[in-house]
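These notes concern the structure reproduced below.
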Amino acid sequence: MEESLPSDRFFDSKAASARIRIRSWPAGPDLTGNRYVLLLHGLGDHVERHHWAAQLLTKGGIDVIGIDWPGNGKSSGRPGVVPPVETCCELIDEAIAEIGHPPVGIFAHSTGGFLVLSWLKRRSLATDEILPDWIWLSSPLLRPRHRQSPLKLWSARHLAKWFPKFTIGTGVSVDDCFATLALPEETGAWRQNCHHRISLEFGASLLAEEPHIWDDVEVWAQSVEWLITQGADDPVCPARYASDWYSQLHSEKKTLLWIADSRHEPYRDIRSIGVFSAIRAWIGSRFRLT
């Protein structure tokens with residue numbers, strides 16, 4: 001199948017009071033939106049950096065459509081000033097409405113994984129809601145408090161009310177994301193349209209939502225098929241959290257793919273061919289690979 005070029009458009013989010021970039025990767029000449037995977041990136045990230053995942057999916061004959069969170073990529077807003085979790089969930093609903101149809105699957109990386117879990121929990125409580133068939137979590141954020149100093153945690157909890165848009169550093173560096181054998185072009189690309197800032201309001205909302213990501217998982221996660229890809233040496237979102245959370249998934253349809261000697265973005269390692277092969281096999285059992 002001939003690869004079609006991605007394209008961008010924008011819509012105005014009422015929930016987030018922001019102009020949101022939508023990037024579309026057609027599987028063929030036309031993008032219908034009837035059968036697509038929704039792509040959600042992490043904090044300080046943007047959708048273009050996950051072109052690799054979009055390519056894997058479009059080669060399986062499925063369209064991919066992603067959004068940049070506010071304060072990230074080409075969406076409006078200051079770097080790191082993301083609205084609270086509840087608003088991000090509303091933004092996902094708005095994006096799906098803008099596209100016109102619900103997705104058949106969702107790819108979500110890092111903080112995007114945390115947000116899609118929060119969204120899924122809320123949608124699962126509505127009996128008439130159409131949920132995706134599967135969710136692919138890439139190095140998901142599950143413990144926002146991990147590696148954060150007591151001062152940062154205190155600031156998020158107690159100062160967010162007065163200084164919601166004040167940003168602080170996340171502490172994530174390029175060395176946290178790539179192994180020593182990272183692809184040569186990635187070090188420079190990591191800095192293009194990326195940042196390492198988080199607003200106090202968004203940080204506080206992540207901390208408040210964290211218990212629900214763990215305590216309520218048995219209630220709402222059973223009807224969805226899961227793939228979790230996780231770097232074994234990830235210092236940002238450690239593998240032990242993914243393992244513990246995965247063990248709580250009371251679903252017969254779940255797969256956890258460990259990636260040895262890899263950090264937060266293992267798919268950027270020069271040894272990623274094996275990773276792609278495993279993911280392609282998983283995708284191929286659901287879509288027609290060409």
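All of these numbers come straight from a predicted model, not from anything done at the bench.
In this structure, Leu153 is not a member of the same hydrophobic cluster as Val85, with clusters built from ILVMFWY side-chain heavy atoms closer than 4.5 Å. Linking ILVMFWY residues whenever their side-chain heavy atoms come closer than 4.5 Å, directly or via other members, places Val275 and Leu39 in the same cluster. In the hydrophobic clustering of ILVMFWY residues, with side-chain heavy atoms under 4.5 Å counting as a link, Trp69 and Phe10 come out apart. One hydrophobic cluster, built from ILVMFWY side chains closer than 4.5 Å, holds both Leu256 and Val224.
When all heavy atoms of Leu56 and Arg280 are compared, the pair lying nearest together is CD2-CG, 3.4 Å. Residues Pro103 and Ile96 share a closest heavy-atom pair of CD-CD1, 3.8 Å. Closest non-hydrogen pair, Lys165 versus Arg78, comes out as O-NH2, 2.8 Å. Residues Trp258 and Ala232 come closest through the heavy atom pair CE3-CA, 4.4 Å. Between Leu91 and Pro70, the closest heavy-atom pair is CD2-CD, 3.6 Å. In terms of heavy atoms, Ala156 sits closest to Ala204 at O-CB, 3.1 Å.
Not one N or O on the side chain of Tyr267 forms a donor-acceptor pair closer than 3.5 Å with the backbone of Ala53. Put simply, the side chain of Asp133 never gets that close to the backbone of Gly105: no donor and acceptor are under 3.5 Å apart. With hydrogens and angles ignored, the 3.5 Å screen pairs a side-chain donor or acceptor of Lys152 with a backbone N or O of Gly169. Under the 3.5 Å distance criterion, the side-chain polar atoms of Ser110 are left unmatched by any main-chain donor or acceptor of Gly112. For the pair Arg263 (side chain) and Asp175 (backbone), a donor-acceptor distance under 3.5 Å is present. At least one donor-acceptor pair closer than 3.5 Å links the side chain of Ser199 to the backbone N or O of Phe202. A donor-acceptor pair under 3.5 Å is formed between the side chain of Ser155 and the backbone N or O of Leu151.
Side-chain contact between Leu43 and Val82: present, with at least one pair of heavy atoms (C-beta onward) separated by less than 4.5 Å. Counting only heavy atoms from C-beta outward, the side chains of Pro132 and Val104 never approach each other to under 4.5 Å. Between Leu57 and Trp25 there is no side-chain heavy-atom pair separated by less than 4.5 Å. Proximity of Val81 to Arg197: side-chain heavy atoms (C-beta onward) are nowhere separated by under 4.5 Å. Two residues are said to be in side-chain contact when any heavy atoms from C-beta on lie closer than 4.5 Å; Ile228 and Pro140 meet this criterion. Put simply, the side chain of Gln230 does not reach to within 4.5 Å of the side chain of Ile259, judged on heavy atoms. You'll find the side chain of Val172 reaches within 4.5 Å of the side chain of Cys177, heavy atoms only. Proximity of Asp45 to Asn72: side-chain heavy atoms (C-beta onward) are nowhere separated by under 4.5 Å.
No salt bridge links Lys161 with Glu201; every basic N to acidic carboxylate O contact stays at or beyond 4.0 Å. Glu90 has no carboxylate O lying under 4.0 Å from a charged side-chain N of Arg122, or vice versa, which leaves the two without a salt bridge. Between Arg49 and Glu265, at least one side-chain nitrogen of the basic residue sits less than 4.0 Å from a carboxylate oxygen of the acidic one, meeting the salt-bridge criterion.
Atom CD1 of Ile62 is separated from atom CD1 of Ile283 by 10.5 Å, given to the nearest 0.5 angstrom. Expressed to the nearest 0.5 Å, how far CZ of Arg9 lies from CD1 of Ile22 amounts to 4.0 Å. Atom CG of Leu115 and atom OG of Ser205 lie 8.0 Å apart (nearest 0.5 Å). Taken from CG in Leu38 to CD1 in Ile92, the straight-line distance is 7.0 Å, to the nearest 0.5 Å. In this structure, CD in Glu94 is found 9.5 Å from OG1 in Thr87, a value given to the nearest 0.5 Å. Between Ser138 atom OG and His41 atom NE2 the span is 13.0 Å, to the nearest 0.5 Å.
Judged as a side chain to side chain contact (heavy atoms under 4.5 Å, CB included), and not counting sequence neighbours, the contacts of Arg143 are His146, Glu210, Trp214, Tyr241. Partners of Ser76 according to the side chain to side chain contact (heavy atoms under 4.5 Å, CB included) rule, which considers only residues two or more places apart in sequence or in another chain, are Ala18, Arg19. Residues meeting the ring pair (Phe, Tyr, Trp, His ring centres under 6.0 Å) test with Tyr246, sequence neighbours left out: none. Take Asp8 and apply the side chain to side chain contact (heavy atoms under 4.5 Å, CB included) test, not counting sequence neighbours, and it matches Arg21, Arg23, Lys74. In this structure Phe114 satisfies the ring pair (Phe, Tyr, Trp, His ring centres under 6.0 Å) test with no other residue, sequence neighbours excluded. In this structure, the side chain to side chain contact (heavy atoms under 4.5 Å, CB included) partners of Pro79, at least two apart in sequence or on a different chain, are His195.
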Item to complete: Could you give me the CA-CA distance, side-chain angles and deciding distance for Leu257 and Ile279, then say whether side-chain contact (heavy atoms from CB on, under 4.5 Å) is met?
Response: CA-CA 9 Å; Leu257 177 59; Ile279 296 172; 4.0 Å; yes

Worksheet item: Given His264 and Asp234, is the side chain to side chain donor-acceptor pair (under 3.5 Å) satisfied, shown in steps?
Response: CA-CA 5 Å; His264 192 52; Asp234 185 351; 2.8 Å; yes

Worksheet item: After noting the C-alpha distance and the side-chain angles of Arg123 and Leu131, does the key distance pass the side-chain contact (heavy atoms from CB on, under 4.5 Å) rule?
Response: CA-CA 7 Å; Arg123 297 291 75 78; Leu131 299 177; 3.7 Å; yes

Practice prompt. Give the C-alpha distance, both sets of side-chain angles, the deciding distance and a yes or no for side-chain contact (heavy atoms from CB on, under 4.5 Å) between Leu137 and Ile106.
Written response: CA-CA 8 Å; Leu137 299 177; Ile106 297 177; over 6 Å; no

Item to complete: Verify side-chain contact (heavy atoms from CB on, under 4.5 Å) between Leu159 and Trp154, making sure each step is shown before the conclusion.
Response: CA-CA 8 Å; Leu159 299 181; Trp154 183 90; 3.9 Å; yes

Worksheet item: What's the verdict on salt bridge (charged side-chain N to carboxylate O under 4.0 Å, His left out) for Arg147 and Asp176, showing C-alpha distance, side-chain angles and the deciding distance?
Response: CA-CA 12 Å; Arg147 212 172 64 165; Asp176 293 326; 3.1 Å; yes

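Between Trp52 and Phe276, the ring centre distance stays below 6.0 Å.
Counting only N and O atoms by type, the side chains of Asp93 and Trp119 include a donor and acceptor under 3.5 Å apart.
The environment of Phe11 atom CZ is dense: over 12 non-hydrogen atoms of other residues, nucleotides or ligands sit within 6.0 angstrom.
When Trp134, Trp226, Trp136 are each tested for a ring-ring contact (aromatic ring centres under 6.0 Å, His included) with Trp282, only one passes: Trp134.
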